[in-house]
Every structure is written in structure tokens, then in C-alpha cells.
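For reference, the structure is listed below as C-alpha cells.
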Amino acid sequence: MCGIVGAIADRDVVPVLIEGLKRLEYRGYDSAGIAVINDHDVRRVRRTGRVAEMEAAALAEGLQAQLGIGHTRWATHGGVTEANAHPHVSHGVALVHNGIIENHDQQREKLIAMGYEFESQTDTEVIAHLIHSFLVHGADLLTAVQAAVRELHGAYALAVVSRKEPGKLIAARMGCPLLIGVGEGENFIASDVSAILQATRNVIFLEEGDTAEITRDSVTVFGADNHPVQREVHLSDVSLASLELGPYSHFMQKEIHEQPRAIADTIEGVIDAGAFSAELFGADAAQVLNGIEGVLILACGTSYYAGMTARYWIEGIAGLPCSVEIASEYRYRDVVANPKTLVVTLSQSGETLDTMEALKYAKSLGQERTLSVCNVPESAIPRASKLVYYTRAGAEIGVASTKAFTTQLVALFTLTATLAKLQGRLDETGEADYIDALRRLPGSVQHALNLEPQITAWSEHFAPKEHALFLGRGVHYPIALEGALKLKEISYIHAEAYPAGELKHGPLALVTDEMPVVVIAPNDSLLEKVKSNMQEVRARGGELFVFTDADSNFHPSEGVHVIRAERHVGVLSPIIHTIPVQLLAYHVALVRGTDVDKPRNLAKSVTVE
Ligand code: F6R
């Protein structure tokens, strides 16, 4: 969702801010703006629409400065208007904000009574006035920000500048990620490292309640009690290349094709060790994982489908009861909590508010054994968890998740095998077989990617349709769900997924020759059942598009189109069968001409409720 960038340097920072905002575009936004301090005054440019429009306006105004802040806004409080776009300004104080201030109404009333006039409907503008109200009583900018944030309830990442203190950039964090980029004779602020990688790879991750005073040559961080604290400088391993398109047309296409590498990187530790062990999840993991009586997975969207897949593995292989809950539902439900349950949160961004709140709720019920599977180091959810397994998909820019999903799956398979071993259900031969299957997986994924030309040909059938049905059974049912979600998200075709056996209990009524039906039909123990379900579709004139395996002895016929992956890969088959449904969604969207990487109404990381 929203993105922040800020810079202080002895060169013009306007290009740095604009480049940073472009790097943040993938998160989803509907307006953008920058404010700079120049000649002891604030100059600001804001536009609804793309960063490029705001950039053109900034160039036209000849904006140049050595201190500035920028923002991409995803509207929550107040519509998509220039007046609501950030930065917000109060009497020479300019600020950008990610998050939501829950007590903004009370603050607004108080500030209006003090004589402040509001130009926007945002919760953010109250912070600008609030800071100013402390400045007029003699505070310096840092102290005014520290005093203002004490009055706020809710979540914020803030970058603040003032015309009265043109050598300082102030940052504050509570509930939303914010980091400082440490350069040579110049420093930066960003909500996401991708915004500043062009300038530095050295980053300090601010912690909850931190504030910071940043000059060209110094960074001073203060903890929640306003005393100076030391925060480590990390070298970011996000590469600039991962933020570039290279030879691809879209980030989604690039990220689909990166999956063999992303999977190999994610399982590198297991393959190198040649064994599954608790240490893969953290130094003290054995203590947390031993003696668990079940697993609870909390996640949203695509991550939830990864959790649904893992449930088949965890119950079938590790023999542990496993429930999977949509985080936004779990957090508001009266649940029966078992302190010996391992709570696993899945979040590629590590920032999803619903998942974070569900984790907090699970912990409040005494479930302290927590593990996060996440793709973004140092993000909020892993920090709030005892154990962490980082997927190494690399930056995922396309809003529709692809490589983050398949790397979550391999991480969850690794967890399953580890739990099975700890439960005494995996002997040496079984372990060696699973390691071998993982080792061969990137190659099999590459083989599935090679099906692209056949899938491209299918996309022409789908592009004119308004509805599609996806069917799967067993561990492949979540993959049908994921296929339907991908198609919905980027092609805007209405798609539903059902367990194939459920068809005759209702959805069969939808099947006509206008309804393409995608079937995930690998050569597993349920294939014969799936074949019967396909007959039910065919008998009603439905056209079938079947993804199966080379060894399934399944042949095309009238109204039945078939694409074969490699021979059945066994337990990791859901990962292989994810690739064709991703490619199908991508190519259908291409034919329909939608904005593949930035589908309408969606944001990459969902930091609001
Ligand atoms: C869909 C997609 C979303 C996310 C969901 C959770 O392609 O990406 O459904 O999976 O918003 O996001 P994370 O995994 O960041 O918690």
C-alpha cells in the first residue's frame, strides 16, 4: 500500500525521491507527492494517478533541494484527490505517513478548537498540525515529533521535515515498517528497501516506538522512552537486478520464470545439510517444535492457499492435527486455544495487518509457540514470532503473488518433514527420499515452465469469457483455488474453484458450453475420481482444460484439451501444478490487455484492515 521515501544530501535529492517512489509503485497507490525544503520554505508537488505525472509536474516547477520527502498514497481516509495526497503541510512542517491513526477525529476536534484549519479529509493531516502545535511552544522538530506521536493511537511510519530546521529529517515508527538508509555524507528514509537501493545498501531497521534524527552525516535513533539506542546496520541482500524487468514484459512474467531459482535458494540450507532439522527454523527451534500437539496456520489470500496445501502434508506426513484459518476471520472469533499448538503465520510481505493481528490474538490466548514463514527480512510478522523461516524468493514486484507462493510451499514442506522427523514418523530412507525430491524440484518446475507455448494457445479460449471454473481434489484443491484467484486478480474474469467431488452438490448448475472448466488432474490416487467428475462436466456441454502428468494416460478428445507436465513428482506435485495456472492467468490477462502488474483496486501489501 502506501510508500515513503526521504533523503538528505549535499546533492539534489528530487531525482532520488522520484526514483524511490517509482520503486514503490508496485505496492499499489493512487496518488503521489513530494515536499522539499528550499530557501527555508516548503515546496510541494502532488498528483493523483501515476508517479510519472507527479514527476512531470515537479520538473515543470524546477523543484530542486537537498532535503525532501515523498509518498505514494493508497486512499483510506478520504478519496483519491490531490488535497488528500501526501505530503501534508502545517505552517512549514511537511510530513508523509503510512498507517492509520485511530483517534484522528478527537485530535482533529482539539486542533480545530486551537485554530488549525484542515485542507484534507485524511487522518495524516492531524499529525502535521499536532507537531506544529508543539513547535510553537518552543520544542525542536525531534521533540515535537516525539511529543506528537505520544498523542496518537494507531499505526504509523512518519518522515517529517521543517523549514525551520533545514538540516534534519525526522523519522518515527509504530506498527508500520520504516528503515534508514546510511550513505556517505547523505542519508535516507524508506518504508521498503527497494526505494533507496539506488543510493545505499546499508540499512537500519527502526523498531516499534523508535524515533530518529537524521542529518547528512549522522543518524541518531531513540527508543520508545526517547533515550538514544544503538541499532545495527544491516547490509541488504535485495539486489537492484531483482527490481528491474530485464528481458521480460512484466514483473509477473519475470517472477513466474524465476521460480526454479527462488525455490532452489529457499531450500539451499536443507539441501546443503542433507537433512531436516529444527535448526532450520532458528537456534532454539527444537524447544518450540518438540512436544507440539497440533499446528494452526494463519494467513490471507494466496498465503492462505499455501496453508491449505500444507494442511494435507502436515496431517498426512507429520501426523499432527492442522487447522488453517483466514487471519481476518480468526482474529474476531472465539476460539479454543491450546498452548501446545504451533502457530504458523504465512505472509510474503510480513506486513499484512490481518495476519499480524491474528498472530497477536493467538498469542494473547497463551499460544506462544509461533513461527513465521516470510519473504521480507526484518518485517513485522517475523519480528513478532519466536521462529522464522525466510523464503528466498527475492523481491516480488507483481501484485499477484507467484514465486512467493511456491517458495512458501517448499518452506512448508520443509516444516512438515521436520515435524515428521521430530514426531518419529520419518525414517532415514524417507528423509533421503524427500531431500532427493526437493533437490530435483527446481528442474521439474523448469519443465513445467516450458509448457508456456501450449498454455499461451489456450489463453485465446479464455480471454472472451466472463466466467471460469477450476476443479481439483485433495492436495490439488488449494491449487485450483490459487488458479482461480490468479485469473480473477489479473484478468478480471470471474473464476470459482471447487473440490471436484463437490461439483454435483451445486456448481454443476453453472456449467454450459460458455463455461471453461480448468481441471488439475495429476496422476495421483484421486485421478480416477477426477475423471468421473470431468464426465459430469462434459455431459453438460462444458469444455475442459486439463492439466495432468505425462504418465497419466489421459488423452485429449472433443471438448477436452490436455496439457501434460512431467511424470508425476509425488508429494511435491502441487508445486509443479501451480506453474500452469499462473501462466494461464498471465496469458489470459495479456490477451485482455489488463494492467498485469498493477491490477485495479489491489495493493501488494495490505497494511490496513
Ligand atoms: C494474491 C496475493 C494476496 C496476498 C495476501 C496476503 O496474489 O498476493 O492474496 O497473498 O494479500 O499477503 P501476504 O502474503 O503478504 O500476507
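Numbers for residues simply follow the sequence, beginning at 1. Quick caveat, the model's predicted, so the values are computed rather than measured.
A salt bridge is defined here as a Lys NZ or Arg NE, NH1 or NH2 lying under 4.0 Å from an Asp or Glu carboxylate O, and E53 with R50 fails to meet this definition. Taking 4.0 Å as the cut-off between side-chain N and carboxylate O, R383 and E208 do not count as a salt-bridged pair. A salt bridge links K486 with E489: at least one charged nitrogen is closer than 4.0 Å to a carboxylate oxygen. In this structure, E61 does not pair ionically with R46, as no charged nitrogen and carboxylate oxygen lie closer than 4.0 Å.
Residue pairs meeting the salt bridge (charged side-chain N to carboxylate O under 4.0 Å, His left out) criterion with at least one member in residues 241-256, sequence neighbours excluded: R23-E244, K254-E258. For residues 30-41, no residue pair satisfies the side-chain hydrogen bond (donor to acceptor under 3.5 Å, both in side chains) rule, not counting sequence neighbours. Residue pairs meeting the ring pair (Phe, Tyr, Trp, His ring centres under 6.0 Å) criterion with at least one member in residues 587-609: none, sequence neighbours excluded.
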E25 vs T72, side-chain hydrogen bond (donor to acceptor under 3.5 Å, both in side chains): CA-CA, chis, key distance, verdict | CA-CA 7 Å; E25 283 190 293; T72 46; over 6 Å; no

Kindly indicate, with the supporting measurements, whether the criterion side-chain contact (heavy atoms from CB on, under 4.5 Å) is fulfilled by I101 and T124.
-> CA-CA 7 Å; I101 302 305; T124 301; over 6 Å; no

side-chain contact (heavy atoms from CB on, under 4.5 Å) between R392 and T407, worked out = CA-CA 7 Å; R392 288 172 54 199; T407 53; over 6 Å; no

Check against side-chain contact (heavy atoms from CB on, under 4.5 Å), K360 and K363 = CA-CA 5 Å; K360 285 188 193 159; K363 292 205 295 194; 5.5 Å; no

Working for side-chain hydrogen bond (donor to acceptor under 3.5 Å, both in side chains), residues S401 and E396 | CA-CA 7 Å; S401 189; E396 193 178 67; 3.0 Å; yes

Working for side-chain hydrogen bond (donor to acceptor under 3.5 Å, both in side chains), residues Y248 and H257 = CA-CA 9 Å; Y248 296 98; H257 282 272; 4.8 Å; no

Show the numbers, then the answer: is there a side-chain contact (heavy atoms from CB on, under 4.5 Å) between M54 and L21?
-> CA-CA 10 Å; M54 192 274 295; L21 293 181; 3.6 Å; yes

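Counting only heavy atoms from C-beta outward, the side chains of V606 and C300 never approach each other to under 4.5 Å. Residues Q253 and L590 form no side-chain contact, since every pair of their non-hydrogen atoms from C-beta on lies 4.5 Å or further apart. Between E213 and F222, the closest side-chain pair of non-hydrogen atoms falls below 4.5 Å. Side-chain atoms of F470 and L485, non-hydrogen and from C-beta on, never get closer than 4.5 Å to each other. L206 places a side-chain heavy atom less than 4.5 Å from the side chain of I180. L179 places a side-chain heavy atom less than 4.5 Å from the side chain of I196. Using a 4.5 Å heavy-atom threshold, the side chains of L298 and D354 count as separate. By the 4.5 Å heavy-atom criterion applied to side chains, E452 and I455 are not counted as neighbours.
Scanning both residues, E207 and D210, for their nearest heavy atoms gives N-OD2, 2.7 Å. The minimum heavy-atom distance between P599 and I490, with the atom names listed, is CG-CG2, 4.1 Å. Between D597 and M252, the shortest heavy-atom distance links the atoms OD1-N, 2.9 Å. Nearest heavy atom pair, residue R108 against residue Q121, reads NH2-C, 3.5 Å. Closest heavy-atom contact between I493 and A468: CG2-N, 4.2 Å. In terms of heavy atoms, D12 sits closest to V14 at OD1-N, 3.1 Å.
For T355 (side chain) and E351 (main-chain N/O), no donor-acceptor pair under 3.5 Å exists by modelled atom type. Side chain of Y29 to main chain of L24: no donor-acceptor pair is present (N/O by atom type, distance under 3.5 Å, no hydrogens or angles). Looking at R27, its side chain does come within 3.5 Å of a backbone N or O of C2 through a donor-acceptor pair. Side chain of H250 to main chain of D595: no donor-acceptor pair is present (N/O by atom type, distance under 3.5 Å, no hydrogens or angles).
Rounding to the nearest 0.5 angstrom, the gap separating the CD1 atom in I256 from the NZ atom in K403 is 11.5 Å. One distance of note links CD1 of I381 with CE of M356; it measures 6.5 Å at 0.5 Å rounding. The structure places CZ of R173 at 7.5 Å from CG of L178, a figure rounded to the nearest 0.5 Å. For the atom pair OG (S162) and CG (L67), the distance works out to 9.5 Å, reported to the nearest 0.5 Å. Rounding to the nearest 0.5 angstrom, the gap separating the CZ atom in R43 from the CD1 atom in I37 is 11.5 Å. Atom CD1 of I69 is separated from atom CD1 of I8 by 12.0 Å, given to the nearest 0.5 angstrom.
Between Q582 and T402, the side chains place no donor N or O within less than 3.5 Å of an acceptor N or O (distance only, hydrogens not considered). A side-chain donor from one of S303 and Q408 sits under 3.5 Å from a side-chain acceptor of the other. Using modelled atom types, one finds a donor on one side chain and an acceptor on the other under 3.5 Å when comparing N375 with T391. Under 3.5 Å, the side chains of H77 and N84 contain no donor-acceptor pair of N or O atoms.
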Donor-acceptor pairs under 3.5 angstrom involving side-chain atoms of residues 182-190: please list them, not counting sequence neighbours.
residue	atom	partner	partner atom	Å
E186	OE1	R11	NE	2.8
E186	OE2	R11	NH2	2.9
N187	OD1	G183	N	3.2
N187	ND2	T215	O	2.8
N187	ND2	R216	O	3.1

Could you tabulate the donor-acceptor pairs under 3.5 Å formed by side-chain atoms of residues 144-156, not counting sequence neighbours?
residue	atom	partner	partner atom	Å
Q146	NE2	T211	OG1	2.9
E151	OE1	K110	NZ	2.8

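For R600 and Y492, the positive end sits near the middle of the six-membered ring, less than 6.0 Å away and at most 45° from its axis.
Checked against side-chain contact (heavy atoms from CB on, under 4.5 Å), A56 has no partners two or more places apart in sequence or in another chain.
Between H86 and H71, the ring planes are parallel. Angles under 30° get that label, and only those over 60° would be called perpendicular.
The distance between the ring centers of Y361 and Y330 falls below 6.0 angstrom.
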